[in-house]
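A short write-up of the structure that comes next.
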Amino acid sequence: MKVEALPVIQGAHNLENYEETYNQFDWQEVEKNFSWNSTGKVNMAYEAIDRHVEGPRKNKIALYYQDGERKEKYTFKEMKELSNKAGNVLKTYGNVEKGDRVFIFMPRSPELYFTVLGAIKLGAIVGPLFEAFMEGAVRDRLQDSEAKVLVTTPELLKRVPVEELPALKHIFLVGSDVEESGNFIHFNQKLAEASKSLQIEWVDKNDGLILHYTSGSTGKPKGVLHVHNAMVQQYQTAKWVLDLKEEDVYWCTADPGWVTGTSYGIFGPWLTGTSNVVVGGRFSPEAWYGMIEEYGVTVWYSAPTAFRMLMGAGDEVIKQFDLSSLRHILSVGEPLNPEVVRWGMKVFNLRVHDTWWMTETGAQLICNYPCMKIKPGSMGKPIPGVKAAIVDDRGEELPPYRMGNLAIKKGWPAMMHTIWNNEQKYESYFMPGDWYVSGDSAYMDEEGYFWFQGRVDDVIMTSGERVGPFEVESKLVEHPAVAEAGVIGKPDPVRGEIIKAFIALRAGYEQSDELKEEIRQFVKQGLAAHAAPREIDFRDKLPKTRSGKIMRRVLKAWELDLPTGDLSTMED
Ligand code: 6R9
């Protein structure tokens, strides 16, 4: 892919010189920031909130919250008190102790954040569930984790099969019109009455913190367990990658049901004492631009699917808002199409910084930094303190430009601790040479930039050529008629596989065979003949996860009439 690099951003950044830092950095320097340095013990919620109350950030706004009519803000001092209260409620009425699993199943609200922090202060392991989960998804997760306590709303309670969950002992209901009964405790009422002071449970850095369930291509979702030690990397990447500084107003659009919404929607920003914006409700371009204008958002972390939707909404909408506060934009979750990067330059005059990581990795690993030039389409380079490589199936490192397994040398601070109840699954992530194998395929260029190609199981072999679906999808969305594209390999007796594209058209375009041919030619000319899709299907919508990933395995299952597997993370 031929792309023009975007030059570094001039000015002061938390990471000044990538190469120099990379060559000398040691995580021990970061560990000195936290309480274990003096006491041997630690607690994430203390480091994220309470610590700031002892210093000049006491009355700084920690949380700006908005969802429809509900609009609130809380200082670090208030967050400390309210999370203490939540901790007391969980302890008194839920009997929560260190190591217990406390699950949270509710829409984004301040109570959600008080509860996460309160549970962590008790040493409990938090399990956040996305509000759109239906009964089956909720059951799988609560059963596997043997959750003892659930905090939810009366509305969502309908999707909790209580009688099938023998380990679940206490259910708290959040909201003003809650009916308290024997089994259900009125959270808001108890919160109002609870004491503001709480004895924090000081834990070891490898004690459990959070359990994120993530689905693979087969089998049930697996519980990825993270520990308090993740703070080391979440703090440091919030500095280097998010480039957070004292005056920033930061907005991460991800829901805490996904790892981005906790690592960078809770921990990263608050560990660094940053004002954090949380917006509830559904996506619309007007609402989103409106938030940036209203709060003067300076640093914005979102996802390619959202950027593509904003891009699709047109540049006229942008002109109705004052977005001049923005200074730094980042993306995660999916490959960031070069087209989106160019759009960002055009409409914001800012670079969109791609970041690569996974639920299992707990924090960012391969990123673009303000101090480094960006090659649109590349995920960037590993953060200092982390070694990344492309390896073959035996764990041997491959030279530049060879496509292979994207692997990380084991032992970065935020690495998952285990897979809940499934040590074997955990072991299966690793390869000889202490490599963690991501399941993504990529290559590295001669300057050490990494280029994503697809999930290993998504990579297409057509007539002996290896094609990354992302590259084709990126080219497809450059065509003016294409809103979104998903590309799969379809088995073919002659070519091994052929490339098949599923395309959702932009408003105003009609499906036709001429248009299919035009799109085919567009890829052929812009990318390569062998990369042009031989088959194209138009669809109104593509199957996507709630976090915006195009679900290629679902496209493939549809195409081949196979079972679609676990769909609990799919959008309606
Ligand atoms: C944080 C998060 C992980 C998978 C990962 C990869 C894809 C994430 C990406 C990216 C290309 C990027 N992914 N970031 N692909 N470029 N910058 O998203 O975690 O939900 O576990 O997904 O997402 O395939 O393996 P998770």
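Both counts, for ligands and for their atoms, begin at 1 and track the order of listing.
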Cation-aromatic face contact Arg141/Phe133, 6.0 Å, 45 degrees: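 That pair qualifies as a cation-pi contact.
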
Is the NZ or CZ atom of Lys222 positioned over Trp420's six-membered ring, under 6.0 angstrom from the centre and within 45° of the axis?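 The answer is no, since Lys222 fails at least one limit relative to Trp420.
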
Quick check: does [X] get an N/O under 3.5 Å from an N/O on ligand 1?
X      : answer
Met379 : no
Arg455 : yes
Thr260 : no
Asp354 : yes

Can you tell me the protein heavy atom closest to [atom] and the distance?
atom                    : value
atom 2 (C) of ligand 1  : Trp357 O, 3.7 Å
atom 18 (O) of ligand 1 : Lys549 NZ, 3.1 Å
atom 7 (C) of ligand 1  : Gly333 O, 3.4 Å
atom 12 (C) of ligand 1 : Glu334 O, 3.4 Å

Ring geometry between [Y] and [X] (parallel below 30°, tilted from 30 to 60°, perpendicular above 60°):
X      : Y      : result
Trp240 : Trp27  : tilted
Tyr429 : Tyr436 : parallel
Tyr443 : Trp451 : parallel
Trp258 : Phe130 : tilted

Are the aromatic rings of Trp251 and Tyr295 close, with centres under 6.0 Å apart?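 That pair fails the under 6.0 Å test.
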
Please identify which of these residues, Tyr264, Phe267, Phe34, meets the ring-ring contact (aromatic ring centres under 6.0 Å, His included) condition with Tyr235.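 That would be Phe34.
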
Give the atom numbers and elements of ligand 1 that come within less than 4.0 Å of a heavy atom of [X].
X      : answer
Thr355 : 12 (C), 14 (N), 17 (N)
Pro335 : 11 (C), 15 (N), 16 (N)
Met358 : 3 (C), 5 (C), 19 (O), 21 (O), 25 (O)
Asp440 : 5 (C), 6 (C), 24 (O), 25 (O)

Are any of the heavy atoms in [X] under 4.0 Å away from ligand 1?
X      : answer
Trp258 : no
Leu336 : no
His212 : no

Nearest heavy atom to atom 26 (P) of ligand 1 wins, so pick from Thr359, Ile366, Asp458. Thr359

Looking only at heavy atoms, is any part of Phe452 under 4.0 Å from ligand 1, and if so is it the side chain, the backbone, or both, or is it neither?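 It is the side chain that gets close, since no backbone atom is under 4.0 Å.
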
Does a sphere of radius 6.0 Å around CD in Glu146 hold more than 12 heavy atoms from other residues, nucleotides or ligands, not counting ones at 6.0 Å or beyond? no

Under a 4.0 Å threshold between the charged nitrogen and the carboxylate oxygen, would Glu484 count as salt-bridged to Arg308?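 Yes, this pair counts.
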
Within the structure provided, determine whether Met416 and His226 are in side-chain contact (heavy-atom separation under 4.5 Å).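 Yes, at least one pair of side-chain atoms sits under 4.5 Å.
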
